Amino acid sequence: MIVFKNVRWKNLLSTGNSFIEVQLNKSSNTLIIGDNGAGKSTILDALCFGLFNKPFRSIKKDQLINSVNQGGTLVEIEFIIGNREYLVKRGIKKNLFEIYQDGKLLNQDAKIKDYQEFLEKNILKLNFKSFTQIVILGMSFIPFMQLRASDRRTIIEDLLDIEIFSVMNYLLRSKVTQNKNDIGTVDIALGLSENEQKLTKIMIDKLKEDKTVQIKKNKKDIEKHEEFLKTHKENINQIIKKIEILNESISDESNARGKIDSLHDYQRDIEKNIDKYEDEIEFYEKNEACNTCRQDIPKTFRKSMIENFHAKMHECGQALLKIGNTLKEKEKRICEIDTISSNVDSQKAEIARNQNTIDACTQYIKKVAKQNEEISQMADDIDEKKNELNVIDIDIEIYNKEKEKLSNQKYLYELATTMLKDGGIKTRIIKQYLPIMNTLINKYLAQMDFFVSFNLDENFNESIKSRHRDEFTYDSFSEGEKMRIDLALLFTWRAVAKLKNSANTNLLILDEVFDSSLDAAGTDEFMRILNNLVKNTNVFVISHKGEILFDKFKSVLKFEKRKNFSQIIK
């Protein structure tokens, strides 16, 4: 289990040159409050940067540096795993990355990337994606049910500590490739030796024949193989030209993929604007007076503002439709590009096959030419050729044994590949845990007075049924009901992590994740859920609803900006 003790940071975002420190294992529940921009969510970026070298929010790493001091960004995180204490230090300007175990600095000879991989795989046994599904959930948190199937699977594999099979599969692919190359090499060597064996036997038989006749016959054989060489070289040249044409036809690949990314960004921006316009419409529909100055808002003004925002929402809708159409076109183009790229790979493989034939043929021509030289110079020494034949026979026997060994190895690799695929051993392990997961999810839902039958299949698609066996989907429910499902999944993943000891930790941070789902009546329910379902855990809740939650937490941290720098107010 990872027990996080404390985190401290300075010159990070709005924090100045003095350390801000938060003890993470002091209180069972802590409320973090403060005005917008006061720095209350900076703790998330401090943890993610300190542990994973990336911000929690969607910004570049250099944007973490305090804009006033322009340097000296430093994060220190202390935690305990088993009976070992760790300290991770990470900084920007000056760049710093150090891991201490029981007060001693761990070996830094490895590259930073390898050092980071050592931290995640050997110490934390937790990656950024799982950390942000199980430990810290912020405003950019995407609930498990809203993730893509591939991302859902990645998180579950990490929880069940079976990502090692993916690593094994990756390593196996290189061994399969090496095995294939070795078999090809042995086949070529065996073929050459068998040809040499055949030629040597013929040579022995022909030694008594007229050397001139044999030389003439060999020359014809060489001419025949030279024609063969010419044909295959022409084939290669034609394929190269074809590849050039295919590559030219997909020269827009980078632009197309970049365009898709840009369109997705535009799509998200427009969706954010629609949410903002909906909030504005709701405000003017429900309020006849200004919340700030308490003056009445004229009815005609409210009506005009509502119409204006409706018009903007309509424009956004049209823009989304246009972007959607453009995305379809670009995605269709990407499919075409992938098909062409696959064709290019096939053509390259054909070049390799032609080249292997050319190499074998060239060696054969050299052998025959050398034999002609030997025929011209040698005496009728049959015994010498018989000795050469014995050596060739031994080589053939060695190559055959090596081929048999590689063939057996190939069979084992093919068997291992089948087992390590997503549908293999990983799926069997997941199937074993699915009943446990589904039981836990439904138990937590029942404890939250949400009586539905919730089940995930092996592809992590949900099936939700009510008492009357009516079928629903996640999107069928209200925001409050979705919150219960999200919480049930969160607690289930934490329980599974504890069961597997793969991502078991004392820390849970919620940053305004469920504020939008809570009204005054729902606040008590939210606290009941946290108090009943989260045991032996240090829970931090970052909320802008401090006035509602203030008296419901054992400890409160208030962030405030003074002289443009964030501080914790005692």
Side-chain angles (χ1 to χ4, degrees), residues 1-9 20-34 39-44 46-48 50-51 56 76-83 85-86 124 126 130-138 141 440 443-449 483-484 486-499 501-515 517-518 522-559 568-570:
M1 178 178 181
I2 307 173
V3 179
F4 288 98
K5 293 174 60 180
N6 58 61
V7 57
R8 50 187 170 269
W9 66 90
I20 287 181
E21 181 169 349
V22 177
Q23 290 187 315
L24 302 174
N25 62 343
K26 179 180 180 182
S27 174
S28 60
N29 60 61
T30 302
L31 175 66
I32 300 178
I33 59 175
K40 57 183 182 293
S41 297
T42 307
I43 186 174
L44 306 181
L47 285 167
C48 289
L51 295 175
F56 178 74
E76 298 180 356
I77 302 172
E78 293 185 56
F79 55 90
I80 300 173
I81 300 178
N83 58 356
E85 295 192 9
Y86 292 91
L124 295 173
L126 191 65
S130 297
F131 190 75
T132 54
Q133 278 286 322
I134 297 171
V135 181
I136 62 173
L137 313 180
F141 161 69
L440 287 170
K443 182 189 80 169
Y444 289 129
L445 287 173
Q447 290 179 10
M448 291 186 279
D449 297 327
M483 179 199 77
R484 285 167 170 76
D486 294 338
L487 282 172
L489 288 167
L490 167 64
F491 298 142
T492 296
W493 304 152
R494 289 178 69 88
V496 172
K498 186 174 182 180
L499 180 67
N501 200 29
S502 58
N504 189 16
T505 174
N506 66 310
L507 187 61
L508 173 61
I509 305 178
L510 307 175
D511 181 14
E512 301 182 16
V513 173
F514 303 111
D515 277 9
S517 304
L518 298 179
T523 302
D524 291 335
E525 176 68 10
F526 176 66
M527 292 305 302
R528 185 184 72 80
I529 291 169
L530 285 182
N531 292 331
N532 289 342
L533 300 186
V534 183
K535 304 294 185 182
N536 302 319
T537 302
N538 302 105
V539 181
F540 289 78
V541 175
I542 304 171
S543 177
H544 63 270
K545 294 190 175 184
E547 69 283 355
I548 299 176
L549 300 172
F550 194 85
D551 59 345
K552 302 181 185 298
F553 285 78
K554 293 182 180 178
S555 85
V556 177
L557 294 177
K558 184 176 182 181
F559 280 76
I568 295 180
I569 308 302
K570 303 294 184 182

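Side chains included, hydrogens not; waters and symmetry mates left out as well; all remaining heavy atoms used. As the structure is a prediction and not an experimental result, all values here were calculated from the model.
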Participant: Shortest non-hydrogen contact from Ile2 to Leu124?
Facilitator: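 In this case the closest contact between Ile2 and Leu124 is CD1-O, 3.5 Å.
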Participant: Is the shortest side-chain heavy-atom distance between Phe540 and Leu24 below 4.5 Å?
Facilitator: yes
Participant: Just wondering, do Arg8 and Glu78 contact through their side chains at under 4.5 Å, heavy atoms?
Facilitator: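 They are in side-chain contact.
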Participant: Side chain to side chain donor-acceptor pair (under 3.5 Å) with Asn506: which of Asn538, Thr537, Asn25?
Facilitator: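 The passing option is Asn538.
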Participant: Are any non-hydrogen side-chain atoms of Ile43 and Phe56 less than 4.5 angstrom apart?
Facilitator: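 A side-chain contact under 4.5 Å is absent here.
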Participant: Just how far is it from atom CG of Leu557 to atom CD1 of Ile569, taken to the nearest 0.5 Å?
Facilitator: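 The distance works out to 11.0 Å.
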Participant: What is the distance from atom CD1 of Ile32 to atom NZ of Lys40, rounded to the nearest 0.5 Å?
Facilitator: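 Result: 10.0 Å between the selected atoms.
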Participant: How are the rings of Phe4 and Phe131 set relative to one another: parallel (under 30°), tilted (30 to 60°) or perpendicular (over 60°)?
Facilitator: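 The arrangement is perpendicular - the two ring planes meet at more than 60°.
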Participant: Under a 4.5 Å cut-off applied to non-hydrogen side-chain atoms, are Leu47 and Leu507 in contact?
Facilitator: yes
Participant: Go through Ile509 and Ile542 one step at a time and tell me if the side chain to side chain contact (heavy atoms under 4.5 Å, CB included) criterion holds.
Facilitator: CA-CA 8 Å; Ile509 305 178; Ile542 304 171; 4.1 Å; yes
Participant: Measure the spacing between CG of Leu508 and CG of Asn29 and express it to the nearest 0.5 Å.
Facilitator: 11.0 Å
Participant: In Å, rounded to the nearest 0.5 Å, how long is the span from CD1 of Ile20 to CD1 of Ile568?
Facilitator: 5.5 Å
Participant: Could you measure the distance from the CZ atom of Phe79 to the CG atom of Leu51? Nearest 0.5 Å is fine.
Facilitator: 6.5 Å
Participant: So which heavy atom on Thr30 is nearest to which on Ser555, and how close?
Facilitator: OG1-OG, 2.9 Å
Participant: Heavy atoms only: give me the nearest Asp511-Ser41 pair and the separation to one decimal.
Facilitator: OD2-OG, 2.9 Å
Participant: Do you know the tightest heavy-atom contact between Ala46 and Trp9?
Facilitator: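 Answer, listing the atom of Ala46 first, then Trp9: CB-CE3, 3.7 Å.
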Participant: Can you measure from CD1 (Ile80) to CD (Glu85) and round to the nearest 0.5 angstrom?
Facilitator: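 Between atom CD1 of Ile80 and atom CD of Glu85 there are 4.5 Å.
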